[in-house]
Structures are given as C-alpha cells and as structure tokens.
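Read the structure below first, then the notes.
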Amino acid sequence: MKDHWLARASTIRPLWIVFAVVLAATVLMDLVIAHHPYFGIDGTFGFGAWFGFVSCIAMVVFAKALGTVLKRPDTYYDS
Amino acid sequence: MTASAVMPPALVLILGGLILPLVSERLRWVVLLVLPLCTLYLIWQVPDGVSLTAAFLDHELALVKGDTLSRLFATVFAVMAFGGALFSLNQTRTVELAAAICYAGGAIGVVFAGDLLTVFLFWELMAIASTIIVWSAGETARGAGLRYAAIHFLGGVLLMTGIAGEYATTGSLAFERITPDSLSRWLILAGFLLNAGAWPLASWLPDAYPESSWSGMVFLSAFTTKTAVYVLLRGFPGTELLIYVGLFMVFYGIVYAILENDMRRILAYSIVNQVGFMVTGIGIGTEMALNGAAAHAFTHIIYKALLLMSAGSVLFVTGKRKCTELGGLFRTMPITTICGVVGALSISSFPLTSGFVSKSMISEAAGMRQLAWVWYLLAAASAGVFLHAGIKFPWFVFFQKDSGLRPNDPPWNMRAAMILLSVLCIGIGVLPGPLYAMLPYKVDFVPYTASHVVFYLQLLLFSGLAFFAMLGWLKRTMTITIDVDWFYRKPGRALAIAIGRVADDLWRGLTAIGARTAQRTLGLIEQALGASGILARTWPTGTMVFWATMMLAAYLVLSYLRS
C-alpha cells in the first residue's frame, strides 16, 4: 500500500526546493523594501533571516547544554 | 438605583456551574452553551464605572466596575467558556465541567472587580475551581493537583497579606494603579506574578496543567494566567521590573519547551513563554505596549486553547501524550492537524494570523522607547516561539515518523470548537480592526506594512530552517527536565518525610510516657481503692474502738481549751 502523498520522498524533495526558493525570496525582498531600523544592526541586509537563524541555533545549543545537567528519565518522580 | 439592577456577568456562570450537576444529561448542553452566550451579552451591558456594590463589614465592595479593559478580557473569557464548553460536551465527568464553568465565572468576576477584596474573593474561587479541574482527571492527577493547590493558596496568602497591609496603611481597598513602594504592595505584586507563572514559582503550571484531562487543560490554559495579566495591566503598568521578569519567562519557556517530550508540557511551557511577552509589554508601559499586552492576551487565549484542543483531541483518541509515541497522525486526523497548524502559526505570529497583529505591537513599543536590548531579545524570542511551539508541536505530533497510529478525528463538537477558534485566529489576523477598537487606548499602529511582514517572514522561516537543520539535536527522548518544582518534590519531600519521622518518634515517645504514667496512676488508685487496697481492708473492731476513743479524747481536750 502506498503511503500518504505528503509522506512520499517524491513530494518531500520538491517541498524542500519550494522552501529554499521562499527563503531566498524573503531575503531578496530586502533589496526592494525600505526598513525603518530603530538601532542599527536591525537595518543590516537580511537581518530577520540571519538573526532568526542564529538565535534559534543559540537557543537549541543552550537548551541542549542545560539538558545535560537537568535531564532525568521521565519516571524520575514516580518512585 | 439603575446601578443595582445590573446582573453581574460572573454570577451567571458561577450559578450555572453550581446547578450543572443537577441538570439532566440531555439538557446539559443548554447550560454549557447558552450560559456563556448570555454572559457575553451581559458583559456588553456593563456600563463604565461602578454599577453594583455590596456592603461588607463597614466597606462598600464594588462588585461590578466596568471599563474598556475589563470588557475586553471578560469578552474573551466568555468566548473561551463557550468554545471550551463546546469542545468538552463529551466529557463524562460532570464535576470537571461544573468546575470549569465556575472557573470562567471567577475569571470574569476578577476583571469586573472594583476593589482589591473583590479581586481576592474571585481569585480564590478560581484557585478552588481550577484545582477541582486538575483533580477531575483521576488518581494520576492527585499529587499534581495537591501541589497546584498548595502553590496557589500560598499565592492567595501573599495577596491577602498585601491587601490587609495596604488597607492598614492607606485605609483604602481601591484597585487602581499601584506603585510598588511598600512591603504590602510588593506582596500584592508577588501574589499577582505567582498566578502569571513568573519564575521562580512558574513550574506549578507545567507540573499541574498537563495532568488534567483532555478537556480540562483547555480551560486551565485560559483563565488563571490571563487574569493575572489583567490585574498586572490594571495595577502595575510601567513597572520596570516586569520587563526583566517577562523576558526571563519568555526564554525560560522556550528552553524548557525545546527539551520537553510530552506534547502538553511543551504547550504548558509555551504558556509561560507567551505570558512573558505580555508581562514585558506591561513593564514597558507605553500606551502601545499596554495595548499590545492586552491584545496579545486576547489572541493568546484563543490560539492557545486551539492548540490544546488539538492536543486534547489527540489525547482523547489515542490516550497518548508523548512525542516519542506519536507522529504521522495527519493521515487520519486531517481536521485536527489543520486546526493545530493554524494554532501553531498564530502563536508564532505568522502574518495573517492573530498573533501577528498583537505581538508585533509589543516589539514595536520596545523599539519606539529605544529599549534596544529588549527589542533584540523579543525578536530572538519570536523566532524561538516558532521553534518550540510553531513547528515542534505539530511536527512531532502530526508529522515526523509514522507511529502506526491511525485514529480518526474526534467527534463533531470537538471538531466544531477547533474550527470556530481557527476561524477566529485567522479572522483577527486578517481583520484586526474590531480587536483594535476594543483595546484600552487608541491604536496608532499598522501591522501590515511591507517592512513588518518581510521581517517576520524572514525571522520565522529561517527559524524553521534552523529547526530542520538541528533536528538531530531536537530528537525527543523519554526524559523530563527538572525545574524549580524539584525543590519541593525531592528535597522538600525528603525534608517533610524526615520531619514526619521525627514528629512520629516524638509522638510515640510522648504517648509511651503518657501511657506509662497513666498505668502507674492506675496502679496507685488500685492500691488505695482496689479490692485488696488499703481502704477496702477489713479492720478489727479494736482498731475502731481505739480511734473512737481517740476522737472523743480530742474533743474533750478541745472543749477544755475553749473554756
């Protein structure tokens, strides 16, 4: 039996391509749109893109580091 | 006298909740669905200013006092009560529904309370009702419910102490803007913040809420934390401390949600995260920031309830909560998936959803006040919301690996509730005008400028890219992350057990001493009065004659002495 069309490899590849195109398009929009930066760095090219990406990576890394100290099996409180 | 003719909107739901258990099963839906709508009507009849008072001791309590802010919160609470009730029609535990309706009534009572004592009254009603909701889930929720109750009654004590202190020093119970400049005012602030889920006493929320039933958490997510946002908005706008408290909550929620495996605990941490945005807005304190905080509370209640309905539906049909056990449900639960995704996009403030038109106001206010680092942190946090709730929740529950589970969408009323809230999320996002018109201050903000939309799209889509790039690191494990509640669940518990043991020993020692003393006393009595005791002995007649003679002699001597 064939799996749902959304789960097939033949769908996922084009989805990634579309995603990449959309990502590039949102960054390129900065060429035509005038932003009104409040501070300075927030006016750099593609600010939302790189800032969003970098801060997410930072949060995941921080969470992972915190997890190594604070993680417990989910039966921890049961005993 | 027209004032006293006003029917307090809170009363309708509270009384409705109380009579619900007496209503026959067939008519239950009338109470559940019609009363919230009646309440909504009454809310819009409440005029500005105090419209209902009651005498209590030598006070005049302002039971109903209306203004734009109270009507805004009461409106969304009533809408939420309706949506939640529609979703919960299949809940067989009537006590949970009765408590939920009273709980909504309590929240509406708080937002119309004109003085601190009335706030406290409804505040505690909410604490009791919400504890009953947690407990309604059965045996597994007993411990969590007890911890929840303990923390909230602690909050109640802080608040009441503060109110009493405020009355003692100022002689007024008025609930107006409060500058935290005395111990009692700090205590009031602490009581409010505890219910908002502010760190360090935030872990009650992810501890207790996910233990409630599939329907219970939908109600729990809406009222307690958002009434706290309301009282902070009214009492402490512009209190700078709240900026720091709020930002801490924002990142605390994200980091813990990233590490979490239980889908409803992810959403619970994300409540703290979202309330953090509102608290930050209240701390910034400009008209735009306060509007943003109020609008965000409004939209948040709807999309968070929607997210919890989709999670509740999954729990209802599969009985599972952990991401490691779920996945691939989009195949057979299309409506739940789509509604969950709408909720996820709204919480991430995607353009054309409700979160976008409310959250961006708070960031804008930070920018306009030139609070650079606040603005940067809020932007990073917006990306983080998409990471921990916007993608993580739908991805691990509805997509990722195929768990092999093939459940169907839930019954019609649950689907209808989710569709209703999805329509509201998108409706508010597309046409924010009516919401903006209900806000406490005049709105001078245009959400849909090209610059805004592009900025948010970049932020969110690249956050999505980061999610898939880091997917290996985000893989779910069968773990929990210990939080502040560890202190009272582990060392606190050990301490309580140790104290219990000492008290037990002490008690046993004291009772042993008591028993021994009693035994000895009994022995002495036995010795004196018992069958073979001194007083029961048979005495020879001579002894009696002797003592009678002695007595007569004494009498003689005494009579001589007298004369």
Side-chain angles (χ1 to χ4, degrees), chain A residues 1 3-7 12 15-16 18-43 45-79, chain B residues 143 251 254-259 261-262 322 328 330-331 364 366-368 370-372 375-377 379-384 386-388 399 402 449-470 473-474 477-483 485-486 489-490:
Chain A
M1 199 180 81
D3 201 0
H4 192 282
W5 63 269
L6 204 56
I12 291 171
L15 275 181
W16 270 108
V18 171
F19 187 43
V21 170
V22 172
L23 285 177
T26 55
V27 176
L28 291 176
M29 287 290 268
D30 269 8
L31 294 173
V32 284
I33 281 171
H35 286 293
H36 318 287
Y38 289 111
F39 309 108
I41 308 172
D42 52 335
F45 180 72
F47 170 74
W50 68 259
F51 188 74
F53 188 80
V54 169
S55 42
C56 280
I57 301 286
M59 280 182 270
V60 173
V61 171
F62 180 79
K64 198 79 182 164
L66 191 74
T68 55
V69 186
L70 296 181
K71 257 189 182 181
R72 299 287 183 278
D74 57 9
T75 49
Y76 179 66
Y77 285 118
D78 296 349
S79 48
Chain B
F251 287 98
I254 293 175
V255 168
Y256 271 81
I258 287 175
L259 292 169
N261 182 30
D262 181 319
K322 292 174 185 165
F330 77 95
R331 293 175 179 83
E364 184 84 355
M368 284 170 74
Q370 291 296 314
L371 298 168
W375 188 88
Y376 283 118
L377 288 176
S382 298
F386 193 45
L387 188 75
H388 84 271
F399 301 100
D402 183 4
T449 64
S451 164
H452 261 148
V453 172
V454 167
F455 170 69
Y456 271 90
L457 282 178
Q458 286 183 2
L459 202 62
L460 298 178
L461 293 174
F462 276 84
S463 156
L465 181 67
F467 177 85
F468 288 107
M470 304 287 282
W473 281 46
L474 291 164
T477 48
M478 302 275 280
T479 51
I480 55 163
T481 312
I482 52 176
D483 199 341
D485 59 344
W486 178 81
R489 294 178 72 176
K490 285 286 175 179

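Each chain gets a letter, A, B and so on, in the order the sequences are listed, and its residues count up from 1. Atom set for the values below is all heavy atoms of this structure, side chains included, hydrogens, waters and symmetry mates excluded. These numbers come from a predicted model, not from an experiment.
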Whatever's closer than 4.5 Å to a heavy atom in chain A on Phe251(B) counts as side chain
Bottom line for Met478(B): the part with an atom under 4.5 Å from chain A's heavy atoms is both
Okay, Phe19(A) and chain B: the region with an atom under 4.5 Å from a heavy atom over there is side chain
Greatest number of non-hydrogen atom pairs under 4.5 angstrom with chain B, of Ala34(A), Gly46(A), Ala20(A), falls to Gly46(A)
Residue from Tyr376(B), Phe399(B), Tyr256(B) scoring the most non-hydrogen pairs under 4.5 Å with chain A is Tyr376(B)
One option among Ile254(B), Asn261(B), Leu387(B) has the most heavy-atom pairs under 4.5 Å with chain A, and it is Leu387(B)
Whatever's closer than 4.5 Å to a heavy atom in chain B on Val61(A) counts as both
When the 4.5 angstrom heavy-atom criterion is applied to Leu474(B) and chain A, the contacting part is side chain
Query raised in the report: Which class fits the ring pair Phe51(A) and Phe47(A): parallel under 30°, tilted 30 to 60°, perpendicular over 60°?
Result: parallel
With chain A, the option among Gly328(B), Ala469(B), Gly143(B), Gly367(B) that has the most non-hydrogen atom pairs under 4.5 Å is Gly367(B)
Requested in this report: Can you establish whether the number of heavy atoms outside Phe45(A) located under 6.0 Å from its atom CZ is more than 12?
Outcome: yes
Cut-off 4.5 Å, heavy atoms of chain A, and the answer for Leu461(B) is both
Assert top hit (heavy-atom pairs under 4.5 Å, partner chain A, pool Ala372(B), Gly464(B), Ala450(B)) equals Ala372(B)
So, the part of Leu465(B) with a heavy atom under 4.5 Å from chain A: the answer is both
Note: vs chain B, highest number of non-hydrogen pairs under 4.5 angstrom among Phe53(A), Phe39(A), Trp50(A) is Phe39(A)
Assert top hit (heavy-atom pairs under 4.5 Å, partner chain A, pool Val255(B), Ile482(B), Thr481(B)) equals Ile482(B)
Under 4.5 Å to a heavy atom of chain B? For Leu23(A) that would be both
Cut-off 4.5 Å, heavy atoms of chain B, and the answer for Ala25(A) is neither
Cut-off 4.5 Å, heavy atoms of chain A, and the answer for Thr477(B) is side chain
Okay, Trp5(A) and chain B: the region with an atom under 4.5 Å from a heavy atom over there is neither
Interface check, chain B: of Ser55(A), Ala63(A), Gly52(A), most non-hydrogen pairs under 4.5 Å belong to Ala63(A)
message: I want to check something: taking the side chain as every heavy atom from C-beta on, are Phe467(B) and Phe386(B) in contact at a cut-off of under 4.5 Å?
response: no
If you tally heavy-atom pairs under 4.5 Å between each of Asp30(A), Val69(A), Val54(A), Asp74(A) and chain B, the highest tally belongs to Asp74(A)
| said: Around atom CD1 of Ile41(A), are there more than 12 heavy atoms from other residues, nucleotides or ligands closer than 6.0 Å? | reply: no
